[in-house]
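Worksheet: the structure to be examined is printed underneath.
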Number of protein chains: 2
Amino acid sequence: MSQHDAQARLAVSTVIFAISPEPDDDGAVRPSLRIPLVRRLREPGLGRWALPGGWLPVHESLEAAAGRTLNETTGLSPRYLEQLYTFGEPDRSPGERVVSVVYWALVHSDEVQRAVSDDNVRWFDEDDLPELAFDHAAIVVYALTRLRTKLEYSRIAHALLPETFTMAELRGVHEAVLRRRLDPANFRRTMEATGTLVDTGRRLAGTRHRPPALYRFDPAHSPAAPPSPAPAAPHHAASALEGPRPGTDSKDTPE
Amino acid sequence: MSQHDAQARLAVSTVIFAISPEPDDDGAVRPSLRIPLVRRLREPGLGRWALPGGWLPVHESLEAAAGRTLNETTGLSPRYLEQLYTFGEPDRSPGERVVSVVYWALVHSDEVQRAVSDDNVRWFDEDDLPELAFDHAAIVVYALTRLRTKLEYSRIAHALLPETFTMAELRGVHEAVLRRRLDPANFRRTMEATGTLVDTGRRLAGTRHRPPALYRFDPAHSPAAPPSPAPAAPHHAASALEGPRPGTDSKDTPE
DNA sequence: CCAAAAGTGTTGGTGGTACACCCATGC
DNA sequence: GCATGGGTGTACCACCAACACTTTTGG
């Protein structure tokens with residue numbers, strides 16, 4: 001019983017979200033929600049697209065492992081990272097029992113520019129995903145509903161935006177995630193009422209209309225962990241990454 | 001590398017909630033929220049109280065394992081069972097890396113009567129817990145906030161009550177969980193507005209005041225899985241249990 | 001001046017809280 | 001009849017969606 005003994009194997013995967021400006025059908029630039037996927041280089045599921053992840057190292061915390069694999073596959077570091085759910089149906093991975101602790105993450109839109117993207121890592125539009133390996137399609141669907149639900153009662157949209165942003169950009173993020181238009185007037189008031197928005201005093205020039213104010217989020221409100229007592233506490237998994245090292249395929253790849 | 005090789009071990013634990021009538025300080029019978037704990041019979045944490053649970057068998061689903069260990073320790077079967085969170089800090093269990101997928105469950109109050117309770121299994125009042133092994137105290141705190149949060153936007157209180165119940169009993173459950181008094185008039189309207197309550201037509205006699213109506217929950221509303229798409233779907237882990245079998249201590253016990 | 005988006009004001013509906021009040025039963 | 005909770009009616013307040021309206025820029 002070397003490594004296929006009577007034990008489930010533990011993997012950690014992450015659903016990563018970012019906002020990308022994408023040309024709309026009528027040419028207007030509407031932001032869209034995007035997700036990076038990696039191509040599987042081994043069986044099972046060879047060639048299929050899957051969520052970035054890897055086996056859990058014995059001495060690494062779950063959250064650190066999620067942040068690290070995220071960084072290894074995309075080159076990015078998450079602004080927001082939270083556990084989503086643990087998937088462990090006995091038959092979800094052919095051949096071997098695999099239990100996956102899945103996280104979801106948000107990254108800044110301006111970082112996506114310099115994100116890795118090659119034959120084996122690609123960003124997909126949220127409503128135009130390819131066929132996924134294992135049960136990853138269901139996982140993404142679940143992560144999407146969690147993101148949408150949480151966006152409405154929490155203020156996490158800032159994790160998808162650069163340091164400063166206009167009210168319209170913030171609204172664009174909400175509209176892209178919720179997939180519906182929001183009233184600009186009411187949206188502004190709701191956001192201002194949270195007290196987490198700080199007017200930088202500067203304005204964005206160069207538009208062909210009245211220049212909008214630039215805001216940033218009050219850091220006093222966001223790093224303070226939400227009322228979830230025990231876990232959560234989205235630290236950034238500050239695990240450094242030295243070069244493009246082999247990644248997860250030291251021996252075999254999990255789902 | 002027999003079984004202490006470089007892999008984390010996977011355990012499944014469950015925080016079980018039930019309502020018990022408990023004599024109040026002034027003699028009045030107010031329901032209270034109770035949690036069963038098991039005494040650890042091995043190191044680490046020998047003698048301490050801990051959440052019921054066990055190692056994950058290779059061919060059993062996470063939810064089935066949670067339901068089974070729940071049944072083995074308490075003799076009860078859950079009316080509600082949902083995944084809570086996965087705890088996996090590297091140092092949470094001395095000596096060995098253990099990752100615990102934790103569920104939370106609700107059981108009917110009338111079943112608690114015939115629940116197991118001996119030297120090694122005991123029910124504790126939610127606000128009078130003993131010192132717990134490992135990080136189980138934090139886990140219970142987290143489960144409590146989840147229960148409280150979910151009670152307010154979902155209708156899960158029925159899982160803590162018998163088939164039929166009065167409006168006051170239902171309110172008593174909410175008050176016990178939320179730890180505050182609720183306005184009877186407003187509570188009634190709120191509950192009636194959900195449309196999930198069915199008046200059985202019968203009334204509870206024997207009180208020394210106007211006999212209250214007996215309700216039951218509309219089964220058309222509760223088994224229908226909530227809008228959580230992927231996981232959830234609280235099936236009852238229908239794994240039979242043949243007698244008081246050795247349980248999890250075939251080789252060693254997890255946390 | 002005009003287009004276009006920023007930003008403000010006002011109104012009506014909805015849901016929740018507080019609280020006054022009547023109803024039906026046991027004793 | 002009277003104490004006790006069961007059950008109803010109603011006024012008020014906070015929040016939110018809808019939408020009319022004013023402001024400020026670029027061209």
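Side-chain atoms are counted along with the backbone in the values below, which use heavy atoms only and exclude waters and symmetry mates. First the proteins, then the strands, lettered A, B, ... as listed; each starts at 1.
- Take Thr86(A) and apply the side-chain contact (heavy atoms from CB on, under 4.5 Å) test, not counting sequence neighbours, and it matches Gln83(A), Val99(A), Val101(A), Leu62(B), Gln83(B), Thr86(B), Val101(B).
- In terms of the side-chain hydrogen bond (donor to acceptor under 3.5 Å, both in side chains) criterion, Glu89(A) has no residue partners (sequence neighbours excluded).
- With sequence neighbours excluded, the residues satisfying side-chain contact (heavy atoms from CB on, under 4.5 Å) with Val38(B) are Pro52(B), Thr73(B), Val121(B).
- For His108(A), there are no ring pair (Phe, Tyr, Trp, His ring centres under 6.0 Å) partners two or more places apart in sequence or in a different chain.
- Remark: Arg146(B) engages Glu82(B) in a side-chain hydrogen bond (donor to acceptor under 3.5 Å, both in side chains) (not counting sequence neighbours).
- Partners of Arg180(B) according to the side-chain hydrogen bond (donor to acceptor under 3.5 Å, both in side chains) rule, which considers only residues two or more places apart in sequence or in another chain, are Glu152(B).
- Between the CG atom in Asp183(A) and the CZ atom in Arg171(A) there is a gap of 8.5 Å [rounded to 0.5 Å].
- Taking the six-membered ring for Trp and thresholds of 30 and 60 degrees, Phe217(A) and Phe165(A) have ring planes inclined between 30 and 60 degrees apart.
- When each of Phe87(A), Phe134(A), Tyr85(A), Trp104(A) is paired with Ile139(A), the side chain to side chain contact (heavy atoms under 4.5 Å, CB included) condition holds for Phe87(A) and for no other.
- In the helix from dC1(C)-dG27(D) to dC27(C)-dG1(D), the end axes, each obtained as the rotation axis mapping the C1' atoms of four pairs onto the next four within a five-pair block, lie 10° apart to the nearest 10 degrees.
- When every heavy atom of Val107(A) is checked against every heavy atom of Ala18(A), the shortest pair comes out as CG2-CB, 3.5 Å.
- Reading DNA chain C from its 5' end, the first and the last nucleotide to sit under 4.0 Å from a heavy atom of chain A are dA4(C) to dT10(C).
- Residue pairs satisfying the salt bridge (Lys or Arg N to Asp or Glu O under 4.0 Å) criterion with at least one member in residues 197-207 of chain B, sequence neighbours excluded, are absent.
- Between the C1' atom of dC12(D) and the CZ atom of Arg189(B) lies a distance of 13 Å, rounded to the nearest Å.
- Following rounding to the nearest Å, Met191(B) (CE) and dG6(D) (C1') show an atom-to-atom distance of 17 Å.
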Every protein N/O within reach of nucleotides 23-27 of chain D N/O, cut-off under 3.5 Å:
from    : atom 1 : to        : atom 2 : distance (Å)
dT23(D) : O2     : Arg210(A) : NH1    : 2.8

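- Residues forming a side-chain hydrogen bond (donor to acceptor under 3.5 Å, both in side chains) with Arg179(A) (at least two apart in sequence, or on another chain): Glu126(A), Asp127(A).
- At a non-hydrogen distance threshold of 4.0 Å, Asp183(A), Ala185(A) from residues 160-185 of chain A come into contact with DNA chain D.
- In the model, Ser32(A) has a side-chain atom that pairs as donor or acceptor with a side-chain atom of Asp125(A) under 3.5 Å.
- Between the CG atom of Asn186(B) and the P atom of dC12(D) there is a distance of 16 Å, given to the nearest Å.
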